[in-house]
Amino acid sequence: MRDIEFMSYDEEWPCLCHGELVLLVDGNVVSFGRCLVSGGNVTHDEEWNFEVTSGDWSVNFDAVQHLNLTDDEKNLITDLVNENVPQGCCGGCI
């Protein structure tokens, strides 16, 4: 498995999913944007009272297919994201 480190993520609440994720992969800087998918959600009742919940992130790896990441590497990156990026909520933008 390659050496993978979290470097940064540049987006802030409420639009956490729109940021640029920067990783160090075997000493090379790799970045990809709009790759986070929130485990949270938003619901509302008949009177449009909203309830927003946060949840763990999953990562859409489509933007870095050229890296040929293994499943273990994808799991490591997802763990690094969840350790370093505050939980998000789909609907935080409302």
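Just so it is clear, the values below take in all heavy atoms, side chains as well, and ignore hydrogens, waters and symmetry mates.
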Within this structure, what is the [atom1]-[atom2] distance for the pair [X] and [Y], rounded to the nearest 0.5 Å?
| X | Y | atom1 | atom2 | answer |
| --- | --- | --- | --- | --- |
| Leu21 | Ser8 | CG | OG | 7.5 Å |
| Ile77 | Cys35 | CD1 | SG | 9.5 Å |
| Asp79 | Asp56 | CG | CG | 9.0 Å |
| Lys74 | Leu76 | NZ | CG | 13.0 Å |
| His18 | Asp10 | NE2 | CG | 12.0 Å |
| Asn84 | Tyr9 | CG | OH | 12.5 Å |

Derivation and outcome, side-chain contact (heavy atoms from CB on, under 4.5 Å), residues Val85 and Phe6
CA-CA 10 Å; Val85 178; Phe6 179 91; 4.1 Å; yes

Let me check something: do Leu80 and Trp57 share a hydrophobic cluster, defined by ILVMFWY side-chain heavy atoms less than 4.5 Å apart, either directly or through other members?
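Result: yes, single cluster for both.
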
Should Val64 and Leu69 count as side-chain neighbours, where that means a heavy-atom distance under 4.5 Å?
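SC-SC contact between Val64 and Leu69 confirmed.
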
Is the shortest heavy-atom distance from the side chain of Val59 to the side chain of Val37 under 4.5 Å?
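No, too far: nothing below the 4.5 Å cut-off.
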
I'd like to know if the side chain of Glu73 reaches the main chain of Met1, judged simply by a donor and an acceptor atom lying under 3.5 Å from each other, with no hydrogens or angles considered.
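Checking the backbone N and O of Met1 against the side chain of Glu73, no donor-acceptor pair under 3.5 Å is found.
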
Can you establish whether the number of heavy atoms outside Asp45 located under 6.0 Å from its atom CG is more than 12?
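For Asp45, atom CG is crowded (more than 12 foreign heavy atoms under 6.0 Å).
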
With under 30° as parallel and over 60° as perpendicular, where do the rings of Phe50 and Trp48 fit, or are they tilted in between?
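Ring orientation, 0 to 90° scale: tilted.
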
So, for Glu11 and Gly19, which heavy atoms are closest and what is the spacing to 0.1 Å?
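Between these two residues, the closest heavy atoms are CB-CA, 3.4 Å.
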
Could you list the donor-acceptor pairs under 3.5 angstrom formed between side-chain atoms of residues 24-34 and any protein atom two or more places apart in sequence or on another chain?
unit_1: Asp26; atom_1: OD1; unit_2: Asp3; atom_2: N; d: 2.8
unit_1: Ser31; atom_1: OG; unit_2: Glu20; atom_2: OE2; d: 3.0

